[in-house]
Chemist: 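Sharing a structure below in structure tokens format, with a few things to ask.
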Amino acid sequence: MSELRDHLLNTPVLAIALTLAAYLAGLKAFEKLGRPSWCPPVLLASLLTAATLWLLSIDYTDYRRGAAWLILLLGPATVALGVPLYQQVHHIRALWRPILISLPPAAMLAAFYSVALAWALGASPRVLASLAPKSVTAPIAIGITEQIGGSIPLMMGGLLITGVMATTCVGFLAKRLRITDQRVLGFVLGVNGHAIGTVRAFELGPTAGAFASLGMSLTGIFTALFLPLAWRVLGV
Amino acid sequence: MSILRGFLWLLGFLILGDILVTLLGLPISRGVAGMLLIAIWLMLHGRLDDDIATASQALIRLLAMLIMPGVVGVFFIADEFAGQWLAVAVALIVGTMLSVLTTLWLMLRFMPKSARSSEESTTKAGHPHE
């Protein structure tokens with residue numbers, strides 16, 4: 001049995017098939033559970049994959065080597081994010097002042113708060129580098145994490161928790177403070193909660209969704225430019 | 001064939017981004033450089049090509065699946081970061097609450113009031129990531 005398994009692991013086919021199957025099953029389970037915002041399909045699919053690897057006693061590094069063929073597509077997929085960005089340009093033109101004033105401090109502080117807190121609690125430089133891009137959409141965050149020497153799995157976990165936390169927080173605050181401005185809520189969701197927040201914003205309405213995509217792309221770009229630079233300057 | 005042509009465009013911009021990052025020694029990833037280049041090119045061009053729109057839509061819909069193998073790794077790193085999980089949890093939970101509050105305050109402070117801000121809240125839209 002284990003010989004057969006090792007033979008199948010010689011090509012990336014098994015890892016790719018496992019990824020596709022788990023992702024589709026994750027989507028289905030997500031629908032069955034009534035689309036809970038605290039448990040995105042990616043999380044369900046990852047849990048399923050991890051359980052399968054454990055059951056078949058496949059090493060994560062073996063799986064990841066095969067799945068690298070899929071991960072390769074993240075390159076062109078990141079480039080593809082430039083298209084929705086271009087489609088949002090009219091919002092930037094109309095509201096460039098509040099966006100220009102709010103975005104840089106918001107994106108910088110999102111990274112700063114968590115890095116400062118983790119540093120104060122004695123986290124290692126590698127953990128700090130994995131937490132810094134936590135508000136950035138995953139394809140861009142992967143690039144940043146590689147640049148500044150963080151752990152990609154840890155960053156991914158942080159990304160998920162951040163997205164879920166940000167969505168919950170915004171929902172709570174919107175209700176408590178009676179905020180109804182779709183543009184504000186969408187932007188806050190996108191800047192802090194990346195793709196998870198953006199999905200939630202589209203549920204609030206198209207305006208919120210558009211501003212969330214805008215906030216997400218701008219946060220990603222801004223953080224991708226400033227974080228590696230800050231890391232270089234600080235010499236961490 | 002439209003999707004293939006669009007995919008080739010995306011690969012072209014990825015390679016262009018890679019060249020730019022390598023030659024100038026920029027501290028950003030080649031994907032982000034390619035994304036900025038294609039956005040700038042589209043703005044100069046002033047019109048979205050159908051091939052590029054088709055390919056990018058298809059890839060963006062797959063994004064969640066493409067990042068999944070990385071997420072799976074979370075379940076296998078418990079030992080590697082032993083003793084740091086409290087720091088990680090506090091940083092993520094408290095840090096995110098603080099940054100949501102800050103962004104909300106900044107936006108409420110600087111966003112001009114809109115008369116038609118809440119009327120669209122009842123209409124539903126499709127999901128970007130499925």
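Sequence lines set the chain letters: A, B, ... in the order given, protein chains first and strands last, and positions in each chain run from 1.
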Chemist: With chain A as the partner, which of M35(B), R30(B), M43(B) has the greatest number of non-hydrogen pairs under 4.5 Å?
Modeler: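 Most pairs with chain A among the choices: M35(B).
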Chemist: Does any backbone or side-chain atom of L18(A) lie under 4.5 Å from a heavy atom of chain B? Answer side chain, backbone, both or neither.
Modeler: neither
Chemist: Look at A67(A), A118(A), P84(A) and state which one has the largest set of heavy-atom pairs under 4.5 Å with chain B.
Modeler: A118(A)
Chemist: For chain B, find which of G122(A), G26(A), A22(A), G82(A) contributes the most heavy-atom pairs closer than 4.5 angstrom.
Modeler: G82(A)
Chemist: When only pairs under 4.5 Å are counted, which of I142(A), I179(A), L72(A), L229(A) shares the most heavy-atom pairs with chain B?
Modeler: I179(A)
Chemist: Can you tell which part of L73(A) gets under 4.5 Å to a heavy atom of chain B, answering side chain, backbone, both or neither?
Modeler: both
Chemist: Kindly give the heavy-atom pair with the smallest separation between A110(A) and S135(A), and that separation in Å.
Modeler: CB-OG, 3.6 Å
Chemist: Considering only heavy atoms, which portion of V89(A) lies under 4.5 Å from any heavy atom of chain B: side chain, backbone, both, or neither?
Modeler: side chain
Chemist: Work out which heavy atom in I148(A) is nearest to a heavy atom in A132(A); give both atom names and the distance.
Modeler: CD1-CB, 4.3 Å
Chemist: Distance-only criterion, 3.5 Å: show the donor-acceptor pairs between side-chain atoms of residues 16-27 of chain B and protein atoms not counting sequence neighbours.
Modeler:
| unit_1 | atom_1 | unit_2 | atom_2 | d |
| --- | --- | --- | --- | --- |
| D18(B) | OD1 | T22(B) | OG1 | 3.3 |
| T22(B) | OG1 | D18(B) | O | 2.5 |

Chemist: When only pairs under 4.5 Å are counted, which of V79(A), L103(A), V127(A) shares the most heavy-atom pairs with chain B?
Modeler: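 When all of V79(A), L103(A), V127(A) are compared, V79(A) has the most.
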Chemist: Quick one: what part of Q57(B) sits under 4.5 Å from any heavy atom of chain A, side chain, backbone, both or neither?
Modeler: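 No part of it gets close to chain A.
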Chemist: Given side chain to side chain contact (heavy atoms under 4.5 Å, CB included), test V72(B) with Y60(A) step by step and report yes or no.
Modeler: CA-CA 8 Å; V72(B) 176; Y60(A) 174 65; 4.0 Å; yes
Chemist: Where does L53(A) contact chain B at under 4.5 Å (heavy atoms): side chain, backbone, both or neither?
Modeler: side chain
Chemist: Report, in residue-number order, which members of residues 186-194 of chain A are under 4.5 Å from chain B by heavy-atom distance.
Modeler: F187(A), V188(A), V191(A), N192(A)
Chemist: In sequence, state the C-alpha distance, the side-chain angles, and the governing distance for L63(B) and L74(A), and then conclude on side chain to side chain contact (heavy atoms under 4.5 Å, CB included).
Modeler: CA-CA 7 Å; L63(B) 266 178; L74(A) 263 181; 3.8 Å; yes
Chemist: Name the member of W9(B), F81(B), W41(B), F7(B) that forms the most heavy-atom pairs with chain A at distances under 4.5 Å.
Modeler: F81(B)
Chemist: Side chains of S124(A) and Q84(B) only: does a donor on one sit below 3.5 Å from an acceptor on the other?
Modeler: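 Note: S124(A) and Q84(B) side chains meet the donor-acceptor criterion.
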Chemist: What residue, out of L160(A), L48(A), T61(A), L131(A), has the most heavy-atom pairs lying under 4.5 Å from chain B?
Modeler: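 When all of L160(A), L48(A), T61(A), L131(A) are compared, L131(A) has the most.
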Chemist: Would you confirm whether T96(B), through its side chain, and I93(B), through its main-chain N or O, come within 3.5 Å as a donor-acceptor pair?
Modeler: no
Chemist: Please list, one pair per line, the donor and acceptor atoms closer than 3.5 Å that link side chains of residues 215-228 of chain A to other protein atoms, with sequence neighbours excluded.
Modeler:
| unit_1 | atom_1 | unit_2 | atom_2 | d |
| --- | --- | --- | --- | --- |
| S217(A) | OG | S213(A) | O | 2.5 |
| T219(A) | OG1 | G215(A) | O | 2.6 |
| T223(A) | OG1 | T219(A) | O | 2.6 |

Chemist: Side chain from CB out, backbone as N, CA, C, O: work out which of these in L70(A) comes under 4.5 Å of a heavy atom of chain B, or both, or neither.
Modeler: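 Both backbone and side chain.
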Chemist: Taking all non-hydrogen atoms of both residues, which atom of I196(A) and which atom of P40(A) are closest, and how far apart?
Modeler: CD1-CG, 4.0 Å
Chemist: Given the options L59(B), I38(B), L42(B), which has more heavy-atom pairs under 4.5 Å with chain A than any of the others?
Modeler: L42(B)
Chemist: On a heavy-atom basis, which atom in I67(B) and which in A64(B) lie closest, and how many Å separate them?
Modeler: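 Scanning both residues, the minimum pair turns out to be CG1-O, 3.2 Å.
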Chemist: Which pair of non-hydrogen atoms, one from S99(B) and one from K134(A), has the smallest distance, and what is that distance?
Modeler: OG-NZ, 4.4 Å
Chemist: Can you tell me if W54(A) has over 12 outside heavy atoms packed within less than 6.0 Å of its CH2?
Modeler: no
Chemist: For E146(A), which atoms come within 4.5 Å of any heavy atom of chain B: side chain, backbone, both, or neither?
Modeler: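 No part of E146(A) comes within 4.5 Å of chain B.
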Chemist: So if I apply the salt bridge (charged side-chain N to carboxylate O under 4.0 Å, His left out) rule between R5(B) and each of D51(B), D49(B), D50(B), which one comes out positive?
Modeler: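 Answer to the salt bridge (charged side-chain N to carboxylate O under 4.0 Å, His left out) test with R5(B) among D51(B), D49(B), D50(B): D51(B).
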Chemist: Give the member of V32(B), L98(B), I77(B) that has the highest number of heavy-atom pairs under 4.5 Å with chain A.
Modeler: L98(B)
Chemist: Which donor-acceptor pairs under 3.5 Å do the side chains of residues 150-159 of chain A make with protein atoms, sequence neighbours left out?
Modeler:
| unit_1 | atom_1 | unit_2 | atom_2 | d |
| --- | --- | --- | --- | --- |
| S151(A) | OG | L154(A) | N | 3.3 |

Chemist: In terms of heavy-atom proximity below 4.5 Å to chain A, should I40(B) be classed as side chain, backbone, both, or neither?
Modeler: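 Neither part, no heavy atoms under 4.5 Å.
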Chemist: Which one of I161(A), L109(A), I101(A), I71(A) has the most heavy-atom pairs closer than 4.5 Å to chain B?
Modeler: I101(A)
Chemist: Does a side chain donor of either T49(A) or Y63(A) reach within less than 3.5 Å of an acceptor in the other side chain?
Modeler: no
